[in-house]
Peer 1: 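Just dropping this structure here.
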Amino acid sequence: MTDTSTWIEHGRGGRAWVDPVGAGVYTVPPARNEPVLSYAAGSPERLRLDEAIRGLRGRRAELTPVIGGERRHTGEVLEATMPHDRRHVLADVHQAGAADVERAIAAAREAWQDWHRWPWTERAGVFLRAAALVAGPYRARLVAATMLDQSKTVPEAEADAACELADFLRFNVANMRRVLEEQPESTDEAWNRAEYRPLEGFVYAITPFNFTAIGANLPTTPALLGNTVIWKPSAAAMVGAAIVMELLEEAGLPPGVINLVYGDPAEVSEIVLASPHLAGVHFTGSTEVFRGIWNTVGQNMTRYRGFPRLVGETGGKDFVLVHPSADVEAVATALVRGAFEYQGQKCSAASRVYAPASMWPAISERLIEAIGQVRMGDVADPSTYVGAVINKAAFERHKQAIEQARTTAGATVVAGGQTNDEQGWFVTPTLIETRDPAFPLLRKELFGPVLTAFVYDDDRWDDALRLVDETSEYALTGSIFARRRESLSEAASRLRYAAGNLYLNEKPTGSVVGQQPFGGSRASGTNDKTATTFHLTRWTTTRTIKDTHVPQTAIPFPRNGTSPQSQ
């Protein structure tokens with residue numbers, strides 16, 4: 001806040017900040033993707049990261065909800081542990097109860113009175129500073145927390161917690177400026193303009209365990225547009241959430257704009273979704289949970305002051321379709337990286353592949369060889385390629401699916417398939433082949449390091465296209481591999497609605513902010529494409545203003561040959 005700022009009473013017993021100058025049509029720094037650091041042995045970034053890892057591992061932290069800027073010790077504690085060292089407790093995290101959730105709603109409503117009146121430039125300044133903190137002094141801690149909290153390797157954690165998070169913050173600011181520039185036509189008689197107001201109420205952000213960047217983006221995007229937020233992070237990503245909250249406070253985010261609430265998802269959601277002041281839900285997680293939220297909001301519609309915005313990115317059963325003209329090495333590389341990096345715990349991960357019979361022996365041979373060479377273990381070890389799955393529930397789900405494949409006629413575990421929970425929740429990368437086009441692992445999301453293959457006859461390319469499109473209810477990401485351009489074009493046309501992010505001769509993971517805006521439809525979500533102008537406008541409600549220069553003073557009558565305008 002500048003020394004020249006002033007305040008006015010806003011009629012509700014509080015004050016609103018007014019910029020007394022406003023002497024400029026402001027631009028913002030151009031958004032560029034944050035460079036990925038190498039973390040080579042002995043590099044400055046590697047030394048800083050190692051120190052941050054030692055710091056987080058060596059201290060059992062105490063974390064609390066942050067409500068209206070206050071940290072609340074509730075006494076009900078949940079342990080945050082490392083998936084690859086499941087007995088190692090990183091933090092004791094205080095869980096919010098019903099009264100705390102009500103306090104968070106009240107804090108969000110109170111903060112809204114001032115925050116939604118802040119000039120957009122000042123809100124942008126908070127989040128641009130946050131981006132600089134992510135890329136600079138907070139980088140090592142964020143990457144370390146992501147590694148230990150989520151069992152991500154160094155390259156995966158760097159791409160997520162440092163680069164993608166900084167990108168989200170910067171591109172959101174740049175795209176907000178573009179939204180504000182979208183204005184209606186004016187005439188000589190009147191100046192027409194559009195005002196992009198925040199929603200009236202608060203936004204409920206529910207974030208997943210698998211990406212620190214998504215965990216931060218879901219609450220900060222609505223906040224950038226002037227909304228206040230209640231943020232419910234995943235119980236498997238609580239340490240990273242605490243660091244993000246600390247960073248936002250240092251960036252200048254006022255108390256109550258984002259309220260961090262750890263707690264039981266069902267209990268928190270029941271209270272929040274029942275509030276008449278709910279203005280929107282920003283969600284990333286399972287399809288089943290999002291459908292439940294949508295259903296609850298529908299049942300509560302008569303309670304709300306308006307119609308809540310529902311924005312969700314949900315499940316995926318992402319495909320790789322291989323044409324007989326494809327390059328074997330490119331396909332094998334894409335499958336290993338797309339299916340097994342971060343243990344397949346990406347909503348974009350390759351989980352089903354349709355390959356022609358003529359190519360499958362060569363592809364499977366390379367996959368078997370690669371799976372046999374994958375190093376699994378402690379993610380702090382630079383040689384580790386995959387860590388552990390997130391928790392016991394995920395471990396048991398993957399173990400059961402692999403065992404089912406072993407005992408099902410027509411299915412074969414081709415490679416991998418081992419599980420071990422002695423030290424951590426480890427599931428080896430697994431390749432399953434099936435002759436059944438309706439096999440459950442070709443239809444249902446598993447969210448783990450399991451790739452299922454269906455081999456089709458080379459002359460049944462048309463059937464393969466139909467199976468890719470119709471087998472699964474999801475439509476998030478997909479890849480098509482072919483050397484023949486006409487085959488790529490045909491497949492992209494036939495699979496037009498099968499994926500929101502389509503990759504040609506590339507793995508279906510690794511979207512970059514500003515380059516491949518992310519999101520899918522069908523059972524994969526509302527496809528609002530994060531960090532784009534389309535996504536940002538979901539958190540605004542537009543007011544159109546007509547400013548007439550010279551008001552009419554004469555009332556025309558029908559005998560004059562004209563009649564008053566009806567609107």
Side-chain angles (χ1 to χ4, degrees), residues 1 5-19 65-72 96 99-127 130 172-173 176 179-180 195-207 216-232 244-245 248-249 251-261 268-269 271-283 297 300 303-311 535-543:
M1 197 172 301
S5 62
T6 60
W7 295 82
I8 63 169
E9 299 298 321
H10 59 52
R12 290 179 177 263
R15 297 184 301 163
W17 181 25
V18 176
D19 180 357
V66 182
I67 299 172
E70 296 182 0
R71 279 153 173 80
R72 297 191 58 81
D100 299 301
V101 178
E102 295 288 359
R103 289 189 186 95
I105 293 173
R109 292 188 62 204
E110 176 62 27
W112 184 85
Q113 301 296 340
D114 292 337
W115 181 245
H116 87 278
R117 290 182 169 87
W118 273 44
W120 71 266
T121 50
E122 300 302 327
R123 285 187 266 114
V126 170
F127 293 105
N172 278 337
V173 168
M176 177 177 67
V179 168
L180 300 176
E195 177 188 6
Y196 296 92
R197 303 166 298 174
L199 305 180
E200 196 173 12
F202 67 87
V203 173
Y204 182 30
I206 308 169
T207 61
N217 185 54
L218 267 61
T220 57
T221 300
L224 172 64
L225 276 301
N227 299 281
T228 56
V229 182
I230 295 173
W231 175 18
K232 168 64 184 71
V244 168
M245 194 69 203
L248 292 173
E249 290 174 322
L253 189 73
V257 172
I258 294 177
N259 300 277
L260 175 62
V261 178
V268 174
S269 293
I271 297 169
V272 172
L273 297 179
S275 172
H277 306 288
L278 178 72
V281 177
H282 203 187
F283 176 88
V297 169
N300 289 339
R303 295 176 181 233
Y304 304 132
R305 191 169 187 181
F307 293 92
R309 305 286 176 86
L310 302 180
V311 176
H535 184 244
L536 296 183
T537 56
R538 295 284 277 150
W539 308 113
T540 67
T541 177
T542 309
R543 178 168 71 167

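Small disclaimer: the values here were computed from a predicted structure and weren't measured. Positions are given from 1 along the sequence.
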Peer 1: What pair of heavy atoms forms the shortest contact from Ala279 to Leu199, and how long is it?
Peer 2: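 Nearest pair, atom of Ala279 first, then Leu199: O-CD1, 3.5 Å.
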Peer 1: Could you check whether any side-chain heavy atom of Ile230 comes within less than 4.5 Å of a side-chain heavy atom of Ile258, counting everything from C-beta outward?
Peer 2: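 No - every pair of side-chain heavy atoms lies 4.5 Å or more apart.
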Peer 1: With Glu70, which residues qualify under salt bridge (Lys or Arg N to Asp or Glu O under 4.0 Å), at least two apart?
Peer 2: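 With sequence neighbours excluded, Glu70 shows a salt bridge (Lys or Arg N to Asp or Glu O under 4.0 Å) to no residue whatsoever.
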Peer 1: I would like to know whether Arg197 and Thr542 meet side chain to side chain contact (heavy atoms under 4.5 Å, CB included); could you show each step before the answer?
Peer 2: CA-CA 6 Å; Arg197 303 166 298 174; Thr542 309; 6.0 Å; no
Peer 1: Roughly how far, to the nearest 0.5 Å, is the CG atom of Asn259 from the NZ atom of Lys232?
Peer 2: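 Answer rounded to 0.5 Å: 14.5 Å.
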Peer 1: For the side chain of Arg543 and the backbone of Glu195, is there at least one donor-acceptor N/O pair under 3.5 Å apart?
Peer 2: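 Side chain of Arg543 to backbone of Glu195: no pair is present.
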Peer 1: Give me the atom names and distance for the closest heavy-atom approach of Pro308 to Leu278.
Peer 2: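 Nearest heavy atoms, Pro308 then Leu278: CG-O, 3.8 Å.
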Peer 1: Please name the pair of heavy atoms, one in Ala274 and one in Asn300, separated by the smallest distance, quoted to 0.1 Å.
Peer 2: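 Residues Ala274 and Asn300, closest heavy atoms: CA-ND2, 3.9 Å.
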Peer 1: List for me each residue that meets ring pair (Phe, Tyr, Trp, His ring centres under 6.0 Å) alongside Phe283, sequence neighbours excluded, and say none if there are none.
Peer 2: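 Testing Phe283 for ring pair (Phe, Tyr, Trp, His ring centres under 6.0 Å), a comparison that skips the adjacent residues, returns Phe290.
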Peer 1: Is there a side-chain contact between Val229 and Phe202, using heavy atoms and a 4.5 Å cut-off?
Peer 2: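 Contact flag for Val229/Phe202 side chains = no.
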Peer 1: Quick one: list whatever passes side-chain contact (heavy atoms from CB on, under 4.5 Å) with Ala216, sequence neighbours left out.
Peer 2: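 side-chain contact (heavy atoms from CB on, under 4.5 Å) list for Ala216, sorted by chain: Leu165, Val244.
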Peer 1: Mind checking what makes salt bridge (Lys or Arg N to Asp or Glu O under 4.0 Å) contact with Arg123, not counting sequence neighbours?
Peer 2: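 Arg123: no salt bridge (Lys or Arg N to Asp or Glu O under 4.0 Å) contacts found.
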Peer 1: Return the set of residues passing side-chain contact (heavy atoms from CB on, under 4.5 Å) with Arg538 (not counting sequence neighbours), or none when no residue passes.
Peer 2: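 Testing Arg538 for side-chain contact (heavy atoms from CB on, under 4.5 Å), a comparison that skips the adjacent residues, returns Arg309, Val311, Asp528.
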Peer 1: I'd like to know if the side chain of Ser275 reaches the main chain of Val272, judged simply by a donor and an acceptor atom lying under 3.5 Å from each other, with no hydrogens or angles considered.
Peer 2: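 It does not hold such a pair.
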Peer 1: Would you please name every residue forming a ring pair (Phe, Tyr, Trp, His ring centres under 6.0 Å) with His277, sequence neighbours left out?
Peer 2: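 Ring pair (Phe, Tyr, Trp, His ring centres under 6.0 Å) list for His277, sorted by chain: empty.
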Peer 1: Which heavy-atom pair separates Pro255 from Ala111 by the least distance, and what is that distance?
Peer 2: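 Between these two residues, the closest heavy atoms are O-CB, 3.7 Å.
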Peer 1: With the side chain counted from C-beta on, respond yes when Val281 and Val203 share a heavy-atom pair under 4.5 Å apart, and no when they do not.
Peer 2: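 Contact flag for Val281/Val203 side chains = no.
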Peer 1: Quick check against the 3.5 Å criterion: does Tyr304 have a side-chain atom that pairs as donor or acceptor with the backbone of Leu273?
Peer 2: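 Judged by distance alone, yes, a pair lies under 3.5 Å.
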Peer 1: Step by step, would you call Leu310 with Val297 a side chain to side chain contact (heavy atoms under 4.5 Å, CB included)?
Peer 2: CA-CA 9 Å; Leu310 302 180; Val297 169; 4.1 Å; yes
Peer 1: If you define the side chain from C-beta out and look only at heavy atoms, does anything of Leu253 sit under 4.5 Å from Thr220?
Peer 2: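 Heavy-atom side-chain distance check fails, nothing below 4.5 Å.
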Peer 1: In chain order, what residues pass the ring pair (Phe, Tyr, Trp, His ring centres under 6.0 Å) check against Trp115, with sequence neighbours excluded?
Peer 2: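 Scan of Trp115 (ring pair (Phe, Tyr, Trp, His ring centres under 6.0 Å), adjacent residues dropped) gives Trp118.
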Peer 1: Can you confirm whether Leu225 sits close enough to Val179 that some side-chain heavy atom of one is under 4.5 Å from a side-chain heavy atom of the other?
Peer 2: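 Leu225 does not reach Val179 side chain to side chain.
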Peer 1: Please identify each residue that fulfils side-chain contact (heavy atoms from CB on, under 4.5 Å) with Pro198, with sequence neighbours left out.
Peer 2: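 Checked Pro198 against side-chain contact (heavy atoms from CB on, under 4.5 Å); matches are Trp112, His116, Asn227.
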Peer 1: For Arg72, give me all partners under salt bridge (Lys or Arg N to Asp or Glu O under 4.0 Å), at least two apart in sequence or on another chain.
Peer 2: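 For Arg72, the residues satisfying salt bridge (Lys or Arg N to Asp or Glu O under 4.0 Å) (neighbours in sequence not counted) are Asp100.
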Peer 1: Between the side chain of Thr228 and the main-chain N/O of Ala108, is any donor-acceptor distance below 3.5 Å?
Peer 2: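 Confirmed, Thr228 side chain pairs with Ala108 backbone.
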Peer 1: Does Trp231 have any side chain to side chain donor-acceptor pair (under 3.5 Å) partners at least two apart in sequence or in another chain, and if so, which?
Peer 2: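 Trp231: side chain to side chain donor-acceptor pair (under 3.5 Å) contacts with Thr207.
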Peer 1: Using the test salt bridge (Lys or Arg N to Asp or Glu O under 4.0 Å), find all partners of Glu102 that sit at least two apart in sequence or belong to another chain.
Peer 2: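 By the salt bridge (Lys or Arg N to Asp or Glu O under 4.0 Å) rule, Glu102 matches no residue at all.
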Peer 1: Mind checking the OH-NE2 spacing from Tyr204 to His282? Nearest 0.5 Å is all I need.
Peer 2: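 One finds 14.0 Å between OH of Tyr204 and NE2 of His282.
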Peer 1: Return the set of residues passing side-chain contact (heavy atoms from CB on, under 4.5 Å) with Ala124 (not counting sequence neighbours), or none when no residue passes.
Peer 2: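 If we apply the side-chain contact (heavy atoms from CB on, under 4.5 Å) test to Ala124, skipping adjacent residues, the hits are Trp120, Val173, Met176.
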Peer 1: Looking at every heavy atom in both Ala107 and Ile67, which two are closest together, and how far apart are they?
Peer 2: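 Looking at all heavy atoms of both residues, the closest pair is CB-CG2, 4.2 Å.
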